[in-house]
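Worksheet: one structure, shown below.
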Amino acid sequence: MTTTTGTAAVTPSVGTAHTRVEGREKVTGAARYAGEIPFADLAHGWLVVSTIARGRIRAVESAPVEAMPGVLTVLHHGNAPQVDGEYVGLLGKPDPTVTLFQTDRVPFAGWPVALVVAETPEQAREAAEALVVRYDEEPHDVAFSAAHPGARKPEDPSAETEKGDLAAELAAAATVVDAEYTTPEEHHAMMEPHAATARWDGGRLEVVDSNQGSMWVADELAKMFSLDLGSVRVLSEHVGGGFGSKGLRPHQVAAVMATTVLHRPVRVVLTRRQMFSITGYRSPTVQRVRLGADAEGRLSAFGHEALSLTSTVHQFIERSADYGRAMYDADAHHTVNRVVALDVPTPTFVRAPGEAPGSFALESALDELAEKCGLDPIALRARNEPEAGPVSGLPYSTRRVIDCFEEGARRFGWADRDPRPGLRREGRWLLGTGTAAATFPSNAMPSTAAVTAEADGTFTVRITAADIGTGARTALTQIAADALEVEPSRIHMRIADSDFGQAMIAGGSMGTRSWAWAVTSAAKELREQLALGGAIPEQGITARSNTAEAIGALAQKERHSFGAQFAEVAVDTATGEVRVRRMLGIFAAGRIVNPLTARSQLRGGMVWGLSMALHEEAIRDRAFGSHVGPDLAGYHVAAHADVPPIEVGWVDDPDPDDPVGIKGIGEVGIVGAAAAIANAVWHATGVRHRHLPIRPDRVLLAGTAPGGDVDA
Ligand code: MOS
């Protein structure tokens, strides 16, 4: 075979619905997840986590446990291999929660203190539960509140932006909103728990994992264990959800330590309970929003102050106050993210970090402002469309948020809405509708890819991408097919192997865009090579790409996806229950590669927004410093019966500077969804709910008198 691409009349695949290329494997159970891939001579590690929230480990009484059936070793701070805890990885210095067993200090409840390894998971678990760890306990502080004396502005200069005189503009404004909103601690709650198997194979460390970036995890492990990157291989074929939680976590490090000590493969799987303390979560937030507007609803004052928490060992900031920096302008514009360090686990990225809680506060406050100004909430937003980035002054690549509202209003039937609250009744139910805007940054990060023309006329693409359930593998197959002008069935898409080289992680809504760029560019290079003619040798012809230079040359712009969220709710005046009756989201989010999986992505984000509005809330016991009910019974996520028909659509919005036109859709779907629901609850009842989740007890206590307010 000599020419293999450019066959006439191949219909482009991008933009058409394509079922998941691995769908059959997944539904038949042939797809193996990290915790179920068989290995000969496999040993099983079980983590033991602290029962105290602060103090020191006095003793790990491992001897009785080592005598238990099947037990191979007990690793803890007294005997574990030393690691480098000072290296700089993708996200800076590692959280000491992952550099396991290097200290006797306990900084929070659920901190990993030991690993018991045994022949079977049952033996390991039994021994782990029998292990006695003695502590010197110290008083702890897990009480998060706006008034906490430890609240501070972090060193990071990007924590705050300020222009104009906020107090003066507020004083001069015709209409002012000044309100406090809170969101609780929320968890990723992805279906597949964290799991990793580590082994030494011919002098190389191999880790079979479930992660959002195999090169990321390989790089962190190499640095931590002082290995060459080439001596580490991380694989992550199928992943049952990540949402920001699946980076380097204690399970991979524990497995590597144990396989190094035992010279046999070791698997560590986390329990759901352990995940609540050692795999990150979204910080609770307290947010004060101050808005001032003139008689026509034009914003003159914009203030957003957010407080989140972090652990005492590592700083993570939930940047809720960033939301307005690209979204709304005013003469006086002030945003600040503050943080307080408590004796709690370190929070982390959770789907739409910053934007998810930030949009709840801001898009609720705008609804309050619209009400006070006597304006339709969509008209208020249209009146406040900025020409350029409010903080950056940069032009937008594209900004079709009002087009989303107009299309959404048409499909939702917004024009028929009576703006007055508390009027629609259906038996004991009060009905209402609400809306909110959505936005999330659109970026691309340097990646490498290789595309091989095989002798049999097929093509193999290799890229260290991750498909964490998003459909990325399928989207990349379609992109490669179009770039090569062949049918998708001729593409073998190989991903999630760190041996394929550096590539962006599945994160920040940047995965598919970044990988698509690299795949497109390698495919272009390959076509140029193939155009020279000649036979394809047995090993194929391979072209490689690295997008660092092209991405580095991108002009500075405000680059974002946008959207408009709509919700209709029914509020039971007898029980306080809120039922969402329907949701609609219209997005302007770049070129949509695969409408089938894209719709699922956006709908999934909206389902989470519903869950955030009404259900999710992790409760920390102040006396013990640990969670109450850290499992999927105690931590409520929306179940199937909670989720109404959800309609998802989009307006045409290709990114003009992206080779494929992609912007990214992983996160924008959750943004604004909780606010749309809270705004609908106000419209139904006349009562503002500024604290999530909107539980039945909060609804009952607040009553349904218009003008009411919920402050607890
Ligand atoms: Mo995400 S929170 O960028 O996985």
Side-chain angles (χ1 to χ4, degrees), residues 89-92 95 183 185-194 209-217 220 236 238-249 275 279-283 285 308 310 314 316-320 322-323 337 345-360 438-445 447 464-473 475 495-496 503-515 559-561 589-590 597 600-602 604-609 611-612 616 637 662-674:
L90 178 69
L91 301 173
D95 181 346
T183 62
E185 175 178 329
E186 295 157 354
H187 285 259
H188 306 86
M190 83 296 284
M191 282 202 290
E192 184 206 15
H194 299 65
D209 191 22
S210 170
N211 67 47
Q212 291 177 233
S214 288
M215 186 45 113
W216 177 25
V217 172
E220 300 266 340
S236 176
H238 297 292
V239 182
F243 303 126
S245 165
K246 283 187 176 161
L248 190 72
R249 293 292 170 195
M275 289 163 67
T279 66
Y281 59 97
R282 194 194 305 281
S283 168
T285 70
S308 62
T310 191
H314 194 73
F316 180 87
I317 305 166
E318 182 74 23
R319 304 177 62 103
S320 305
D322 286 13
Y323 178 77
N337 295 290
T346 315
T348 192
F349 305 93
V350 182
R351 201 176 201 173
E355 276 79 4
S359 66
F360 165 66
T439 189
F440 197 79
S442 163
N443 290 304
M445 295 294 275
S447 298
T464 315
D467 190 330
I468 59 175
T470 58
R473 186 188 269 108
I495 63 169
M504 179 54 187
I505 62 170
S509 298
M510 288 183 265
T512 296
R513 180 172 176 207
S514 304
W515 306 320
R559 300 177 186 277
H560 310 266
S561 291
T597 49
S600 296
Q601 270 292 89
L602 293 164
M606 292 168 72
V607 169
W608 199 342
S611 198
M612 175 181 168
E616 295 189 35
V637 298
I662 297 173
K663 276 192 169 181
I665 55 167
E667 285 158 300
V668 71
I670 189 176
V671 182

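Ligands are counted one by one from 1 in listed order, and the atoms in each one are counted from 1 as well.
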Atom pairs, nitrogen or oxygen, ligand 1 to protein, under 3.5 angstrom:
{"from": "ligand 1", "atom 1": "3 (O)", "to": "G508", "atom 2": "N", "distance (Å)": "2.5"}
{"from": "ligand 1", "atom 1": "3 (O)", "to": "E667", "atom 2": "OE2", "distance (Å)": "3.2"}
{"from": "ligand 1", "atom 1": "4 (O)", "to": "Q212", "atom 2": "NE2", "distance (Å)": "2.8"}
{"from": "ligand 1", "atom 1": "4 (O)", "to": "G244", "atom 2": "N", "distance (Å)": "2.9"}

**Message:** Can you see whether S611 engages E616 through a side-chain donor-acceptor pair at a distance of less than 3.5 angstrom?
**Reply:** yes

**Message:** Any donor-acceptor pair under 3.5 Å linking the side-chain atoms of T183 with those of T285?
**Reply:** yes

**Asked** Would you say W515's side chain and M504's backbone share a donor-acceptor pair under 3.5 angstrom?
**Response** yes

**Request:** Output yes when a side-chain donor or acceptor of Q212 lies under 3.5 Å from a complementary backbone atom of K246, and no otherwise.
**Result:** yes

**Asked** Looking at R282 and E185, does any basic side-chain N land under 4.0 Å from a carboxylate oxygen?
**Response** no

**Message:** Tell me every residue that passes salt bridge (charged side-chain N to carboxylate O under 4.0 Å, His left out) with D322, counting only those two or more places apart in sequence or in another chain.
**Reply:** R319, R325

